[in-house]
There are 2 protein chains.
Amino acid sequence: MSTPLINHIKQFIDLDEHEEQILLAGTQRQSVKKKEYLLKEGQVCKANYFVEKGCLRIFFIGEKGEEQTAYFAIENWWISDYASLLSQSPSSFYIQSVEASEVIVFPYAHQEALSKGIPQTERYFRILMQKAYGASQMRIKYLYSLSREEMYRHFQRQYPDFVNRIPQYMLASFLGFTPEYLSEIRKKKI
Amino acid sequence: MSTPLINHIKQFIDLDEHEEQILLAGTQRQSVKKKEYLLKEGQVCKANYFVEKGCLRIFFIGEKGEEQTAYFAIENWWISDYASLLSQSPSSFYIQSVEASEVIVFPYAHQEALSKGIPQTERYFRILMQKAYGASQMRIKYLYSLSREEMYRHFQRQYPDFVNRIPQYMLASFLGFTPEYLSEIRKKKI
DNA sequence: CGCGACGTTGATTTGCCTCAACGATTGTGG
DNA sequence: CCACAATCGTTGAGGCAAATCAACGTCGCG
């Protein structure tokens, strides 16, 4: 069996055919329409989502009602509210598709069950979480040291294709500023 | 054997006496003087640090030479540069003690070795990393939605004792603003 | 075709920074 | 244990990056 998810996992741990089947059996593929929600504020997050195709985001609602994007996930990335997932407490985020997407729903209960039968999956998720946390430490660094304009240039350099794939107001909210200011920055650049 | 580290681990996984000994055998206690460094920029991070007593911080040097604190760790917290640790690449951070501290040095090589002999340690570190990443997601949320003054009030409410334990310039840099501005905020509050 | 969502532009405002100078406190060597 | 330096904290004047607000183009979709 070769799926994007299995391929991703096998970059970090070994699985035999039988284990692959057990692992996949507990998941399900879901087609998600543009702007459809996988989680809403107040709900308890029940699954980790692996993006096979398309793009998801996690956002929250600011004081004045604006949607503030916290993270994006594209092909071969995971996305979830990991605090809500771990403690099974109500989430303060929304998870929504940015474009029509194909997602693997990986229930947390399944992850917990696998931890006994296929212990190396814990290793996979440990590495995943450590990568994510490491990236988050770097993001904190950038948030503290770069100006808003530099944030945009930096993001543009790192993900040149992605910049044109999402609405500008989402990109602006992800970078931590207003759509108007992004417009101003873009005007400057020839 | 009961040490703060073992107690912490046993909140999440089971260990028998023999396993505890193997686990501790690969670690070492280190007394760290105030302002002493455990890691400097450019070095590859080799260990995860567990704070038994005292306080550490991880910071980086900004464009104008200022020290920007990214995280603090107090009793029973872990601290490290997890990106550098995972990929064994040069760090862009410094790890330094804020006060005289007692630290358990947990080499990453030891963590890797344990993952074979005592597989449930992977589970412990997975939960640790997931908690840390979840907290990081919340921190992103606060950074995006609160003003600098609200950040301070929020932090003060959450860690009232800690506020008076560290120099104000470190707190200011952690909250993402200048010592002068923190001074101004404090003046307002009666 | 028309409406609503998205993007742009410019005028004005503001939260926070910068710089400089001055107190307060801490630590250290004589 | 004191003196004095270094570090840390405060205050105020002035400046700038980015927000706010409002108005107007434009595009995609039902």
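Just so it is clear: chains get the letters A, B, ... in the order the sequence lines come, proteins before strands, and each one is counted from 1. Bear in mind that the values here come from a model prediction, so they are computed numbers and not experimental data.
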Checklist line | Those residues that, when tested against A:K46, pass side chain to side chain donor-acceptor pair (under 3.5 Å) (two or more places apart) | finding: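 In terms of side chain to side chain donor-acceptor pair (under 3.5 Å), with neighbours along the sequence ignored, A:K46 is linked to A:Q88.
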Sequence neighbours left out, what passes side chain to side chain contact (heavy atoms under 4.5 Å, CB included) with [X]? Give chain and number order.
X      : answer
B:S183 : none
B:Y169 : B:K35, B:P167, B:P179
B:E150 : A:E63, B:L146, B:S147
A:P107 : A:H110

Show me the donor-acceptor pairs within less than 3.5 Å that the side chains of residues 5-12 of chain A make with the rest of the protein, sequence neighbours left out.
residue : atom : partner : partner atom : Å
A:N7    : OD1  : A:S2    : OG           : 3.4
A:N7    : ND2  : A:S2    : OG           : 3.4
A:N7    : ND2  : A:T3    : O            : 3.3
A:H8    : ND1  : A:Y124  : OH           : 2.6
A:K10   : NZ   : A:E20   : OE2          : 2.6

Notebook entry, point to check: Hey, what else clusters with B:Y37 if you join Ile, Leu, Val, Met, Phe, Trp, Tyr whenever side-chain heavy atoms sit under 4.5 Å?
Noted result: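 Under the 4.5 Å side-chain rule, B:Y37 groups with B:F59, B:I61, B:Y94.
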Check: Which class fits the ring pair A:F72 and A:F162: parallel under 30°, tilted 30 to 60°, perpendicular over 60°?
Finding: perpendicular
Notebook entry, point to check: What class does the angle between the rings of B:F106 and B:F125 fall in, given that below 30° is parallel, 30 to 60° is tilted and above 60° is perpendicular?
Noted result: perpendicular
For nucleotides 4-9 of chain C, give me every protein contact, N/O to N/O, under 3.5 Å, one pair per line with atom names.
residue : atom : partner : partner atom : Å
C:dC6   : OP1  : A:K35   : NZ           : 3.4
C:dC6   : OP1  : A:Y169  : OH           : 3.4
C:dG7   : OP1  : A:Q168  : N            : 3.0
C:dG7   : OP2  : A:Q168  : N            : 3.4
C:dG7   : OP2  : A:Y169  : N            : 3.2
C:dT8   : OP2  : A:Q168  : OE1          : 3.4
C:dT8   : OP2  : A:S183  : OG           : 2.9
C:dT8   : O5'  : A:S183  : OG           : 3.1

Checklist line | Start and end of chain B contact along DNA chain D [non-hydrogen atoms, under 4.0 Å] | finding: D:dC8 to D:dG12
Notebook entry, point to check: Hey, does the side chain of B:K64 come within less than 4.0 Å of C:dT18's phosphate (OP1/OP2), counting only N and O?
Noted result: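 Yes.
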Check: Sub-3.5 Å donor-acceptor pair from the side chain of B:Q137 to the main-chain atoms of A:D81, do we have one?
Finding: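 Absent.
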Notebook entry, point to check: Any donor-acceptor pair under 3.5 Å linking the side chain of A:S115 with the backbone of A:E122?
Noted result: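 It does not hold such a pair.
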Check: Which residues pass the ring pair (Phe, Tyr, Trp, His ring centres under 6.0 Å) test with B:F155, sequence neighbours left out?
Finding: B:Y159, B:F174
Checklist line | Residue mapping more 5' on DNA chain C - nearest nucleotide basis, B:F177 or B:K34 | finding: B:F177
Next item on the list: Quantify the bending of the helix from C:dC1-D:dG30 to C:dC22-D:dG9 as the angle between its end axes, each fitted on five pairs, to 10°.
Entry: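 The two end axes of the helix from C:dC1-D:dG30 to C:dC22-D:dG9 meet at 40°.
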Check: Are A:K141 and B:E41 close enough for a salt bridge, meaning some N to O gap below 4.0 Å?
Finding: no
Next item on the list: With a 4.0 Å heavy-atom cut-off, tell me which residues in residues 142-149 of chain A come close to DNA chain D, sorted by residue number.
Entry: A:S147, A:R148
